There are 6 protein chains.
Amino acid sequence: MGSTGDQLTHFDAGGNARMVDVTEKAVTERIAEAEGVVTMLPQTLELIARGDHKKGDVLAVARIAGIQAAKKCSDLIPLCHPLMLSSVKVDFELDESNNQVRIAARCKLAAQTGVEMEALTAVSVAALTIYDMCKAVDKGMEIGGIRLLSKSGGRSGEWQAEAKA
Amino acid sequence: MGSTGDQLTHFDAGGNARMVDVTEKAVTERIAEAEGVVTMLPQTLELIARGDHKKGDVLAVARIAGIQAAKKCSDLIPLCHPLMLSSVKVDFELDESNNQVRIAARCKLAAQTGVEMEALTAVSVAALTIYDMCKAVDKGMEIGGIRLLSKSGGRSGEWQAEAKA
Amino acid sequence: MGSTGDQLTHFDAGGNARMVDVTEKAVTERIAEAEGVVTMLPQTLELIARGDHKKGDVLAVARIAGIQAAKKCSDLIPLCHPLMLSSVKVDFELDESNNQVRIAARCKLAAQTGVEMEALTAVSVAALTIYDMCKAVDKGMEIGGIRLLSKSGGRSGEWQAEAKA
Amino acid sequence: MGSTGDQLTHFDAGGNARMVDVTEKAVTERIAEAEGVVTMLPQTLELIARGDHKKGDVLAVARIAGIQAAKKCSDLIPLCHPLMLSSVKVDFELDESNNQVRIAARCKLAAQTGVEMEALTAVSVAALTIYDMCKAVDKGMEIGGIRLLSKSGGRSGEWQAEAKA
Amino acid sequence: MGSTGDQLTHFDAGGNARMVDVTEKAVTERIAEAEGVVTMLPQTLELIARGDHKKGDVLAVARIAGIQAAKKCSDLIPLCHPLMLSSVKVDFELDESNNQVRIAARCKLAAQTGVEMEALTAVSVAALTIYDMCKAVDKGMEIGGIRLLSKSGGRSGEWQAEAKA
Amino acid sequence: MGSTGDQLTHFDAGGNARMVDVTEKAVTERIAEAEGVVTMLPQTLELIARGDHKKGDVLAVARIAGIQAAKKCSDLIPLCHPLMLSSVKVDFELDESNNQVRIAARCKLAAQTGVEMEALTAVSVAALTIYDMCKAVDKGMEIGGIRLLSKSGGRSGEWQAEAKA
């Protein structure tokens, strides 16, 4: 699954898409962490912040959506391998100074391929769910900063995102 | 489905999540447009740009993934209503000055609820698919700027995003 | 879709399963309500009762699972028609004298077939989710009393379950 | 995944739902058996009892629905791990003295987590399918007694339900 | 959705795949019929022919698989519109002189697009299920002759396949 | 999973369908190859042949559909085991002398059961997708010749289809 720099691995020599053959790869422990943010109006963030049993908990719904989406990853992303995730966590942090909800996801399993896409999918669908639940009061929300933070395991080993400026 | 500004419509008075009752709403033509970008290394954008029959067409795969994801929206977003989309389009634009692929999606149907989530989901999954297909050469890609551009139809009528600064 | 009393409508004259033809039926507003209970140890009910932001909210997760399952009904039940639900509600009541969580679901739409199966499926999957989340402390929980409470709309009109003795 | 008795394992210390990390657990052979009943009018049971090639076989359809539902378990139950079932059986017994169909399911695989939820889901969806196919003649049917009968494998080892009084 | 004969309707002027816009099309009653055959060894056909309660009914399982596949059509075929089928029938005929099982499917609904793909998908998945259930005794089975027999409704109106020579 | 020749393995002694127990089978590398053809009008084949970036690439869409369908196999075929495919390839060949597109699929993984159904499903859904994309210009297309070409791995070992006359 290496890349020579001038050929993408999801295509064969003729340019045809394929699910890359990972049969010969070793089963190793794989961990991936991803993040993203939803930027919104201050009053929308406030509605989310005070969410609880009595007012309605947006983040609890978004967390479930993110976890379930990680499990659907190979159905959503055409060339992803099916995987049996052994752990998924989705966390939220309210950043009032930037009017943002920060979403972080962490996926883990022992397998022949990595779980980067699962973590990124969990973040994306959690973000979309926050949008859905708040769109009646704030259609201008923006989802951004979705990126891989780190991965470990597999032939390419450890990888860390560069710190943001 | 109105909002008084201090209550989110996806929760009842007791704070319990629900799929909002739209039975009484009128069936009107609904259109929603959304966009997003994937920012990457210049050489990654170049690989995508020269994609074709012989080299592998990343955007053709991402387009299919986005269209299919729009159809799965109510399965991904817990409180979304199931809808029968009558049109989905996903388009890409290569912005070499910003090292970005810009993704735009447009969904349409006649229904009792809008298609904002379908358009946003199409953009998100198309972006994730681009990430997946290029991650072997560029793990640092970032997905951002996912937002609604416009919607029409329904009780709240027309809505346009503000122009970006 | 009538029944002569000696033939089930999901089979043709030769005994072959089929999805019943409802093309000629009128579109009317349909509502169905169903209920069920999960019986458990007193201490398990107590764990659920004190569930909140800080301790973990079993019922919030079960509610989402129930709502999503209503949307998957035609995929789970082989001869069910696909439907576009316009409203789903799932509610819980803690009955400490009987050590039970009572689950109630209500589904609604305007369509050619009823939503009884959607309401019953929402109750069943909410119950299974409660079991899943508490099974580490109480494997002996029992799910029961799943039944239709009422339906309205369609040719057979109103139907009410008999009161329990 | 142990439980101290005052904390449910599907939540972290902050009360947030998560898919429990089973990466470190041993792969062992897991078996789970579950049961449930559908109680109905005597004449409904009779319709099912005489079901065959020529009259329509309700239980054959319900059996397929149950087996397929076991495979969908991790999609239905939000915090369930995806599993690769290596065996699923669903059986029925007609109990004329109680006007009941008794459903039993048995799931098996070698994995890091148990298959209790798969067996319970198979029973529940088989029961819902029986309801669906007979509801035109008997809306008052009740689904009950859904419980785990036994499990083996994993750290908690053997477990047997207590005999019913 | 018309075709000039030199352009496929599933692509826009730039050659990009899209889900065709049917918003403006009239809702009319649509019916489609499709067929296909599975050719096998005489002894395999005999095993299927004597299938019943006691020996195992291959065709009952294949019928359910075909009906369910019709409902999944828009998830399987990337540019298909989601539809709410109001009737699906799958029938089988044993042709001993040609060692074939003939499969016929008929789908019906009132909608803006036709149900040809649903009928063809039902036939294909019923055929695959027959293969699956008999492959332990006959790996050389062949699935063929899958074609549309007729369609009605919509702007293009009636269409009938030519009789086979 | 052996067959005595007078009993199909997907049924138990009482004729009830089941997912065969493969728990005790060895994990071995499994490969399966399948093929099929779509026969069409010469001008339809020509439209496909000149497909490219600018005109619309039917085969690129069909390839993605086939790969994704292989991943959905256990959801489509009722008694199929869920599998984690480690490689899927779908290829096309244009046969102008027979007015056919030939489709070939190859699936691979290390598992306890074979991947014949996954390869056959990939071929079938790729064929259906070609039909869908060209049906506006050619409703008389026929899908045929779907068969297993070879399999390896597992207790029954190597198997090769006989050459066609």
Side-chain angles (χ1 to χ4, degrees), chain A residues 1-3 7-32 68-88 107-121 125 153-156, chain F residues 27-33 51-53 57-76 80-94 101-115 117-119 121-122 125-126 129 152-153:
Chain A
M1 201 169 143
S3 165
Q7 176 70 36
L8 294 169
T9 54
H10 280 84
F11 297 105
D12 65 19
N16 300 316
R18 59 178 172 182
M19 191 195 290
V20 175
D21 188 350
V22 298
T23 319
E24 303 304 319
K25 296 179 78 175
V27 172
T28 64
E29 186 179 279
R30 314 278 186 151
I31 300 176
Q68 288 186 293
K71 294 191 270 185
K72 288 184 215 285
C73 185
S74 71
D75 190 44
L76 289 171
I77 313 296
L79 304 177
C80 260
H81 293 82
L83 288 179
M84 289 197 306
L85 289 167
S86 56
S87 170
V88 184
C107 294
K108 194 171 156 187
L109 87 170
Q112 292 170 306
T113 55
V115 285
E116 295 94 308
M117 293 317 302
E118 281 72 11
L120 288 161
T121 299
V125 174
R155 201 169 64 185
S156 68
Chain F
V27 171
T28 63
E29 186 179 279
R30 313 278 185 152
I31 300 175
E33 293 179 303
D52 63 18
H53 263 0
D57 189 343
V58 169
L59 301 183
V61 180
R63 181 178 281 112
I64 296 300
I67 292 172
Q68 288 185 294
K71 293 191 271 184
K72 286 185 215 287
C73 184
S74 72
D75 191 42
L76 290 171
C80 260
H81 292 83
L83 289 179
M84 289 199 306
L85 289 167
S86 56
S87 169
V88 184
K89 264 184 81 59
V90 176
D91 284 307
F92 301 100
E93 215 176 286
L94 302 190
V101 177
R102 182 182 170 271
I103 307 165
R106 186 174 189 273
C107 295
K108 193 171 158 185
L109 87 170
Q112 292 170 305
T113 55
V115 285
M117 293 316 303
E118 282 71 12
T121 299
V125 174
T129 302
S152 64

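Numbers restart at 1 for each chain; the letters A, B, ... are given by sequence-line order, proteins then strands. Nothing here was measured: the structure is a model prediction, and the numbers come from that model.
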Hits for side chain to side chain donor-acceptor pair (under 3.5 Å) against Ser74(A), two or more places apart or cross-chain, chain-then-number order -> none
So CD1 of Ile64(F) and CE of Met19(A): to nearest 0.5 Å the spacing works out to 10.0 Å
If one checks every heavy atom of Leu83(A) against chain F at 4.5 Å, the contacting part turns out to be backbone
Across all chains, not counting sequence neighbours, the side chain to side chain donor-acceptor pair (under 3.5 Å) partners of Asp75(F) are Lys72(D), Lys72(E)
To the nearest 0.5 Å, atom OG of Ser87(F) lies from atom CD of Glu24(A) at 10.5 Å
Between the OG1 atom in Thr113(A) and the CE atom in Met84(F), the distance rounded to the nearest 0.5 Å is 8.5 Å
- Say whether, by atom type as modelled, one donor and one acceptor occur between the side chain of Lys71(F) and the main chain of Cys80(A) under 3.5 angstrom. yes
Heavy-atom closest pair (His81(A) atom, Ser86(F) atom, distance to 0.1 Å) is NE2-O, 3.4 Å
In terms of heavy-atom contacts, Thr23(A) and Glu29(F) come closest through CG2-OE1, 3.6 Å
The reported gap from NZ in Lys89(F) to CG in Asn16(A) (rounded to nearest 0.5 angstrom) is 6.5 Å
CG (Leu79(A)) and CD (Gln68(F)) are apart, to the nearest 0.5 Å, by 8.0 Å
